[in-house]
Amino acid sequence: MAIKKIGVVGTGQMGAGICQVAAQAGYDVVMSDINLDVAQKGKAGIGKLLDKAISKGKMDEAAKKSIMDRLHPVESMAAFSDVDMGIEAATENMQLKLKIFKDLDAACPAHAILATNTSSISITYIAAATKKPEKVVGMHFMNPVPVMKLVEIIRGLATDDETYNATIEASRKMGKTCVTASDAPGFIVNRILVPMLNEAVFALQENLGTPQDIDEAIKLGLNHPMGPLALADLIGLDTCLAICEVLHTKLGEDKYRPCPLLRKYVDAGWLGRKTGRGFYKY
Ligand code: NAD
């Protein structure tokens with residue numbers, strides 16, 4: 001199937017990034033969040049990133065204008081009546097995603113693919129909230145979306161071949177490389193990454209080192225581009241905790257239990273970069 005127009009629900013850091021790469025790939029993009037104001041902020045943030053690219057000589061004003069002209073913030077998903085694909089990138093919360101998928105299913109035309117950017121939640125479960133589970137697929141972009149090459153593609157139990165193949169084609173058109181992962185908690189990347197980030201918070205809780213020591217040790221000792229605490233701040237500590245909870249509950253093993261210090265930071269509203277404070281101050 002030919003995808004021309006994409007609707008994105010949730011225009012926070014991941015949703016805005018997805019809107020950007022989709023518009024850069026030539027898709028028309030409808031942007032929806034809890035209200036028009038938030039969706040417009042998502043578009044404004046993309047404008048700032050493109051300005052940075054212009055100042056570095058990586059883009060010109062004409063290219064920016066054509067990308068911005070393809071981005072359409074809207075009041076609600078009611079504006080998704082002619083999209084070929086809906087991509088959900090709202091907060092990592094199962095009940096919220098089930099509700100959004102019911103609404104997304106009702107708002108999009110019958111032929112539309114319904115994709116979720118969830119980091120950990122079962123695609124099969126989300127699909128069951130819709131009337132067309134064969135059209136539901138996991139499309140897990142990495143952060144920051146415009147920079148990171150990978151998209152994990154996850155088939156739910158009912159996902160059909162047409163949906164799977166069209167999602168891979170759309171991801172490639174957005175400049176991404178796809179890996180297919182099974183529909184299991186955390187898929188591939190977060191099954192491996194998030195327990196490591198959680199362990200770094202345990203290391204901090206147990207005073208193995210300061211945040212700087214822990215991050216420097218992993219950067220220089222393991223040649224990682226970022227330390228785990230800085231990466232957790234970038235991902236969002238609420239998102240990290242939500243993923244830990246899915247791994248812990250669904251896999252049923254104590255080794256996945258969220259670190260109490262991680263929960264404390266989230267309780268305090270210290271969610272990382274997006275709130276200006278996490279393991280570091282921004
Ligand atoms: P974020 O907090 O930056 O953005 C979430 C957005 O969802 C916000 O703009 C919020 O207003 C919106 N939202 C909340 N309720 C909504 C509703 N009812 N309807 C519409 N929009 C609603 O979070 P994020 O980091 O962009 O994460 C979004 C999704 O992407 C999550 O499922 C997360 O697990 C996944 N993800 C995150 C990362 C990461 O590194 N942060 C990486 C890959 C995938």
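Order of listing sets the numbers, starting from 1, for every ligand and every atom in it.
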Open item on the list: Give me the residue, atom name and distance of the protein heavy atom closest to atom 31 (C) of ligand 1.
Closed with: A90 O, 3.1 Å
Open item on the list: Using a 6.0 Å cut-off, check whether atom CD of Q212 has over 12 heavy atoms from anything other than its own residue.
Closed with: yes
TODO: Have a look at M14, R273, E152, M77 and point out the one with the heavy atom closest to atom 37 (C) of ligand 1.
DONE: M14
Task: Taking atom 32 (O) of ligand 1 as the reference point, the nearest protein heavy atom with its distance - done: E92 OE1, 2.6 Å
Task: Region of T118 engaging ligand 1 - heavy atom pairs below 4.0 Å - done: backbone
Task: atom 3 (O) of ligand 1: the protein heavy-atom neighbour that sits closest, reported with distance to 0.1 Å - done: Q13 N, 3.0 Å
Task: Single-linkage hydrophobic cluster I243~L262, side-chain heavy atoms < 4.5 angstrom - done: no
Task: Donor-acceptor pair between D233 and Y282 side chains, under 3.5 angstrom - done: yes
TODO: Please state which part of D238 comes within less than 4.0 Å of ligand 1, counting heavy atoms only: side chain, backbone, both or neither.
DONE: neither
Task: Identity and separation of the nearest protein heavy atom to atom 14 (C) of ligand 1 - done: T91 OG1, 3.3 Å
Open item on the list: For a side chain to side chain donor-acceptor pair (under 3.5 Å) check, start with the C-alpha distance between D215 and Y280, then their side-chain angles and the critical distance, and finish with the verdict.
Closed with: CA-CA 11 Å; D215 278 351; Y280 298 93; 2.6 Å; yes
Task: Whether over 12 other heavy atoms sit under 6.0 Å from L36 CG - done: yes
Task: Residue, atom name and distance, where the atom is the protein heavy atom closest to atom 10 (C) of ligand 1 - done: D33 OD1, 3.4 Å
Task: Numbered atoms and elements of ligand 1 in range of H140, under 4.0 angstrom, heavy atoms - done: 43 (C), 44 (C)
Task: Under 4.0 Å to a heavy atom of S119 - the qualifying atoms of ligand 1, by number - done: 33 (C), 34 (O), 35 (C), 36 (N), 37 (C), 43 (C), 44 (C)
Open item on the list: Within this structure, what is the SG-NZ distance for the pair C19 and K43, rounded to the nearest 0.5 Å?
Closed with: 10.5 Å
TODO: Kindly compute the distance separating CG (L234) from CG (N143), expressed to the nearest 0.5 Å.
DONE: 4.5 Å
Open item on the list: Suppose I only count heavy atoms of F141 and a 4.0 Å limit; which atoms of ligand 1 are within that range?
Closed with: 42 (C), 43 (C), 44 (C)
TODO: Can you sort out which atoms of ligand 1 are near T239, meaning under 4.0 Å from one of its heavy atoms?
DONE: 33 (C), 34 (O)
- [ ] Could you grab the distance from atom CE of M142 to atom CD1 of I235, nearest 0.5 Å is fine?
- [x] 10.0 Å
Task: Path from V151 to V8 over hydrophobic side-chain contacts below 4.5 Å - done: yes
Task: S122 backbone acceptor or donor facing D183 side chain under 3.5 Å - done: no
- [ ] If you have a sec, work out which protein heavy atom is nearest atom 16 (C) of ligand 1 and how many Å separate them, to one decimal?
- [x] I34 CG2, 3.5 Å
Open item on the list: Could you go through T118 and E92, starting from their C-alpha distance and side-chain angles, then the distance that decides it, and tell me whether this counts as side chain to side chain donor-acceptor pair (under 3.5 Å)?
Closed with: CA-CA 6 Å; T118 179; E92 186 77 349; 2.9 Å; yes
TODO: Work out whether the distance between some heavy atom of K97 and some atom of ligand 1 is less than 4.0 Å.
DONE: yes
Open item on the list: Out of V246, V8, I18, I235, who is nearest to atom 41 (N) of ligand 1 when you count heavy atoms only?
Closed with: I235
Open item on the list: Tell me the nearest of V9, N143, I100 to atom 39 (C) of ligand 1, using heavy-atom distances.
Closed with: N143
Task: Polar atom proximity, N117 to ligand 1 (N or O, under 3.5 Å) - done: yes
Task: Which segment of K274 sits under 4.0 Å of ligand 1 when only heavy atoms are counted - done: side chain
- [ ] Taking atom CG of D60 as the centre, report whether more than 12 heavy atoms of other residues, nucleotides or ligands fall under 6.0 Å from it.
- [x] yes
Task: Proximity of L234 to ligand 1 by residue part, where a heavy atom lies under 4.0 Å - done: neither
Open item on the list: One residue to check: M142. Relative to ligand 1, which of side chain, backbone, both or neither has a non-hydrogen atom less than 4.0 Å away?
Closed with: neither
TODO: Report, as yes or no, whether the 6.0 Å neighbourhood of atom NZ on K64 holds more than 12 heavy atoms from other residues, nucleotides or ligands.
DONE: yes
Open item on the list: Can you name the atoms of ligand 1, numbered from 1 with element, that are less than 4.0 Å from a heavy atom of L96?
Closed with: 15 (N), 18 (N)
- [ ] Between A89 and ligand 1, find which residue part has any heavy-atom pair under 4.0 Å and reply side chain, backbone, both or neither.
- [x] backbone
- [ ] Would you mind running through ligand 1 and noting each atom that sits below 4.0 Å from a heavy atom of G12?
- [x] 3 (O), 4 (O), 6 (C), 9 (O), 26 (O)
Task: Approximate separation, where rounding is to 0.5 Å, of I113 CD1 and K132 NZ - done: 11.0 Å
